[in-house]
Structure formats: C-alpha cells, structure tokens
There are 2 protein chains.
Amino acid sequence: MKVNGKHYRTVWMKGTSVFMIDQTRLPFEFLIFEAKSYKESCYAIKAMITRGAGAIGATAGFAMVQAYLESHGDEEMLFQAKNEIEATRPTARNLFYAVDRVFNAGKKSIENALTTALQMADENIEEARQIGIYGNELIGDGFKIETHCNAGWLGFVDYGSALSPIFVANEKGKNIFVFVDETRPRSQGARLTAWELKNENIEHAIIPDNAGAYYMSKGKVDMMIVGADRIAANGDVANKIGTLEKAIVAEKYAVPFYVAAPLSTFDIHCPGGNNIPIEQRGKEEVLFQEGPSNNGTITKILVSNPGSDAFNPAFDVTPAELIKGIITEKGIIKPNRESINKLFS
Amino acid sequence: MKVNGKHYRTVWMKGTSVFMIDQTRLPFEFLIFEAKSYKESCYAIKAMITRGAGAIGATAGFAMVQAYLESHGDEEMLFQAKNEIEATRPTARNLFYAVDRVFNAGKKSIENALTTALQMADENIEEARQIGIYGNELIGDGFKIETHCNAGWLGFVDYGSALSPIFVANEKGKNIFVFVDETRPRSQGARLTAWELKNENIEHAIIPDNAGAYYMSKGKVDMMIVGADRIAANGDVANKIGTLEKAIVAEKYAVPFYVAAPLSTFDIHCPGGNNIPIEQRGKEEVLFQEGPSNNGTITKILVSNPGSDAFNPAFDVTPAELIKGIITEKGIIKPNRESINKLFS
C-alpha cells in the first residue's frame, strides 16, 4: 500500500530491528516504530503498536529471529523468549503459527530462521493478494459492503484479508460503498479501516457499532466481510468483539456473511470455537478515548462515569453455521470440518 | 433521585423558566440549565441538554406553557411555537403527547396549561414508579440484567422506565448486576446509566456495544430491559440505535427482552414500526468525543479518520415479535394489537 506516494509494508525486518507502522498513532500521525529487541517486539504486539492477525504473525516471526540472535545459543533463554512472544496475545492463531515455524527453522541455523521469517512475510502478502482475487468474485457492481474492525492492509503485511477483495473490486472499476463499523473500544474501523479506504479513494461511511442492524434491516447492506484471528477445525471463527453480533444480525436479514483469512489463521488442532482462548483486555480501553483535540495535541479523555467498572473482552466466536463462506488464498470454502480438512490435505 | 443528599427531578418549571439537569455535562459536572423561553427549551431538547422519552415529554409540556405565556394571545405566534417545539426531535412520542395535551388545556386558560404540564410531570413520576413495581416481579435474586442507553431517572422526571424495576429490585434487597451498554455514539449508557447505578450503589460494568452477544452467548445475561421512544399500535418499538441489534441477539440466545414505557409512549395511531420517523443526527457525534482530560478540562477530541464520512441514525425499530413484554404503569402486556387496544380502552 502506498502512503504519500511511497510503498510500505505494515512490518519488516532490517538488521536486528523489526520496523512497523505505529497503529496506535494512526490515523493522526504516520510514524514508524523500531523494535530493537525481541522484548521490544513483544511490547509492540501487546500494546497493539502492530495488530491484526497477519501483522501479528509476521512481527512474531521476526521477534523469534531476534530471540535467536539475542540468545547466542542459550537454549533456556531461547525458550523463555519463545514463551514471552507467545504470551503477548492469546487469541491470534497466526502468532503461534509464525513462532513455531521460525523456531523450528532456527534449529538448523539462525540464517534459516531469518529466511523463513522473511519468506513468511512475503507469503502473507501473496496470500492476501489471492484472497482479494477470490473475494472480488463475490462483489457485484454497486454493492454496499459492511466490515468490522480492520482486516485491511494494516492487519497484514500488505493488502489485508477482508479489505483485499474490496481493494480488488475497486481496482476493477466496480462501484462500491463500505459501511465501516466503528469497532469500539479501540475503534480500528473508524481509525484504521476508514484511513485505508480514504487512502484508496473508496466511498465509505463510519457507522456506530449499534447501527449495523438498522442498515441491514433496511436492505442497505449487500454483504458483510470480516477477518479472523483464529478459525477452529469445525469452521467456528474467533474475531474482533462484535463480529458474533453482526453475524447473528446478518443471518436475521439474510445478508451473506463472509470471513476472509489465510490458511495460517486456521487452527486445525482446535476442535471448536469453545476451545479458543479469548483475550480480556484492560478496562481503560473502554473508559478512555484518545485523539487530537482542537489544537492538534493527542489527548486522552474519560468517556464514561468516573469510578464505574468496565469489561473488555477483545474477541468473540462466531459459530460456523452463521458464516456463508471463508475466503482463503486457495479459494472460497464452506466453514465445516470436511472443507477445512480438504484444504489442509 | 438524590444527588449529594438532595432530591432532584430531572426537569421542573418555576416562574416562567424551565429548569433541568444538564445531561450533556454529566457525569463530569452536575449543573442545572435554565431555559428562560420556549425557544431556549427547544434548544435544550435539540441539543440533548435534556433527553429521554419522559424527560423530553415533560420539557416539551413546559415549553408549551412558555409558548402560551410568551404569545400573549397571538394565535399565529402560538402555532409557530407549537410547531417549533414539535420539530425538535421527531421520534419521541412523549413529546407530541405532551405538546398536544398542554396545547389543548391552554385553550381554556394559561393557568390550565400550567396545571396540566405540572400534573403531567407528576404523572410521569407515578407511572415510572408503577413500572418499577411491575417490572421488579420479573427480576429474580442474583439476576444479571443488560440495558441499553439510559431509560433511568434522567430519561424521565424521576425513577425512569427500564431502570425503575432495577431500582426497586435493589431496594427489595435482591442481589443484581447490570451490564451497561456503552451506547455509542452519545454513550448515554457509559455516562448516564452508569452514573445513576453508581449513585444507587448497584453493581454494574460498562461494556462496549459490541460485547452484548459475547455475554449472552455465554449465558451471562438473565434478561434485558430497555426503554422506548415510541411504540406503534402493533407493538413495534422505536428506541435508541442498537436496540434492534440487541433484541435480535437476545432472541438467538433466548434471553427475555423487555421494553419498559408508560402509556404516553404509545402511538396508537401509528400502525407499525415502519411508520415511525427516525431522526438522523449530525455526523460529528460519531466522529468526535468529549470528556475530561488529565487536568479535568472537558475536551473534545477526534476519534476517527480525518475526512471520513459518518452516518448517525439515532433510533431503530424493534419488531414486536422480538419483545417478550412491555412493562407499563398498568401492568406487563404482550406487544400486540389486541393487548395494546385493551390498554387504551
């Protein structure tokens, strides 16, 4: 994706550092964050400086390379680092996938770990590109598409999952409109997806998460596409909190509900959605909001009753039966055990 | 309801002024707004200094008294004022109910208009109290109750509709917990409902609007109670945006979904939900948020991508079939034409 005419990946490695677009500053500032050690990469994932299934995976892969570089053959230190990286975010499957792959590759040599991590980032881009090509076939001219959270370029190394078909449809000259769910509490829709769509000149409007049913009930939404953080062997999908709610509403109004994700998001050893661990994040994400005030200074404000408690589950699980199809880099499949098995055989 | 030991109504009239708790400043500041003319009362309704079906109704009734006082018998001016008051918020039935009643009463004398408006405020309190008594019967000990927006004390002259049963259950010593939907974009849940519940020492947590399905799917929600802005003759209910979404999710997980509202919220001349006008509010309510920064200064910040558009429908319509019952001051009724007809005969 290009920003101000220059092409960027969401995350990349150079020397011993991992570089990434700082997604906590977007859309107000475009800054690059440098993680000089695996610990700093862990911090970046935890604090959501980088976020989104694919971007977390790529960063975790690079962090594992850093762990190899920093542990100088000390196995205990290496294992400790691996555990730390895996503990950053519990739900995203791509994280564990990437750490495992780079860890195993590094058993041969550090160079092999690095080559694997770099290759995985390249693969991530190619998978996202393919998802776009397959997903585009579902999008008719004039379609109004709803999406939740950000499963765009910023959630991957490039292109994205849920947004990739939208980018391709736009390139092909289709007339499309995107309803962007704000996606509280961190507002990745209002901040990141809206930023990406504006960057690509795709017509869109931010809507409160509460307004999805309103537009679906009026027949204004032709389809919904979301990303995924982990897909179980039976086709259940863990994704950003609120996805389940939208899938239920979409079923009610017969709006086709699609999930877009690469194979690296599937956890074929996880039998069903109930087995996916759900991250509970801090209540301050609900109670406070951050953004530029009138004078441009990024300011944190309280947006709720002082002293009230808040709960902040970061993900929910959408059962397979609510999902019309999963758009992967190998084609669009039905969300069931049989189709998923076939995908991996 | 008491604030710092002193009893307040949400809105009241004294002399020629209408006084109200400024709900745009809560929960950060407790201030009383004085509307010295019907035009200022109109502004207060439009800007949501006062809000909520019952409170809008009472304020509109008082504004109509002000219109009588200010028009000095000039019929054209009186009609103009009536139109202006009615144009402040299109969805809330109580507004039209109150304006009509005070307007008709004023044909006899201004004193009669005032007496009627004052009586309506008293009735509003008594209705809300009765709703609490009836609604409490539905609440079991240990219940976890979800509510959306604010249909509490602040939404009425006192007690509230959806929160009134919760207040009664708490008074009766029942152990209850309230999931408070944040209710974007204006966050009446996080700001007003949470404030009321904390004021009454009722255990609660604010949840993002996205998290309703998560908790319902896990069996954590025993019932949901919401208010109403207008109820059609067939039992369809217009209420704060997001209510429809919750009702659909509640149906999916067999969570009993109740609406609490006085008879003045029913529009028996409105055949169904499709006939209820839905207010579209400004996009700045979605794009910006306001609250105190670190140093306590109330600050407005941008919480979305600069330059992106936003849509802001203020209400949606929940079809009768998703509602288990409507809690009124005359008892709990089924949301259908027959039961509603009986209520008004």
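Just so it is clear: chains get the letters A, B, ... in the order the sequence lines come, proteins before strands, and each one is counted from 1.
- A pairwise comparison of heavy atoms in Ile206(B) and Val286(A) identifies CG2-CG1, 4.0 Å as the closest pair.
- Of the atoms belonging to Ile298(B), not a single heavy atom falls under 4.5 Å from chain A.
- The candidate with the highest count of non-hydrogen atom pairs below 4.5 Å against chain A, out of Val317(B), Asn312(B), Ile278(B), is Ile278(B).
- With a 4.5 angstrom heavy-atom cutoff, Leu192(A) does not touch chain B via any of its atoms.
- Separation of atoms CG (Leu302(B)) and CG (Asn294(A)) is listed at 10.0 Å; rounding is to 0.5 Å.
- Chosen from Pro292(B), Ser187(B), Pro319(B), the residue pairing most often with chain A at heavy-atom distances under 4.5 Å is Pro292(B).
- Closest approach of Tyr214(B) to Ile241(A), counting heavy atoms only: CB-CD1, 3.6 Å.
- Of the atoms belonging to Ser217(A), it is side-chain heavy atoms, and not backbone ones, that fall under 4.5 Å from chain B.
- In terms of heavy-atom pairs under 4.5 angstrom with chain B, the leader among Asn274(A), Leu244(A), Thr297(A) is Leu244(A).
- Only the side chain of Leu287(B) has a heavy atom closer than 4.5 Å to any heavy atom of chain A.
- Only the side chain of Lys252(B) comes within contact range of chain A, with at least one heavy atom under 4.5 Å from a heavy atom of that chain.
- Using a 4.5 Å cut-off between heavy atoms, Glu203(B) makes no contact with chain A at all.
- Of all heavy-atom pairs spanning Arg184(A) and Asn210(B), the tightest one is O-ND2, 2.9 Å.
- Annotation: side chain of Arg191(A) is in contact with side chain of Val303(B) (closest heavy-atom distance under 4.5 Å).
- In terms of heavy atoms, Asn305(A) sits closest to Ala194(B) at ND2-O, 3.4 Å.
- Listed options Ala211(B), Ala247(B), Ser293(B), Pro313(B) were ranked by heavy-atom pairs under 4.5 angstrom with chain A; first place goes to Pro313(B).
- Proximity to chain A (any heavy atom under 4.5 Å) is restricted, for Glu182(B), to the side chain, taken from C-beta onward.
- Neither the backbone nor the side chain of Thr193(B) comes within contact range of chain A; no heavy atoms are under 4.5 Å apart.
- Proximity to chain A (any heavy atom under 4.5 Å) is shown, for Phe288(B), by neither the backbone nor the side chain.
- Both the backbone and the side chain of Asp209(A) come within contact range of chain B, each with at least one heavy atom under 4.5 Å from a heavy atom of that chain.
- Interface remark: of the candidates Glu285(A), Met216(A), Lys283(A), Lys246(A), Lys246(A) forms the most heavy-atom pairs closer than 4.5 Å to chain B.
- Of all the heavy atoms in Ile248(A) and Ala213(B), the pair that sits closest is CD1-CB, 4.4 Å.
- Around CG of Asn295(B), the count of heavy atoms belonging to other residues, nucleotides or ligands within 6.0 Å exceeds 12.
- Of the listed residues (Asp316(B), Ile207(B), Val249(B)), the one with the most heavy-atom contacts under 4.5 Å to chain A is Val249(B).
- A heavy-atom distance below 4.5 Å is not found between the side chains of His204(B) and Asp309(A).
- Here the shortest heavy-atom pairing between Pro208(B) and Phe311(A) reads CD-O, 3.4 Å.
- Contacts of Leu322(B) with chain A are made by side-chain atoms alone, with heavy-atom separations under 4.5 Å and no backbone atom involved.
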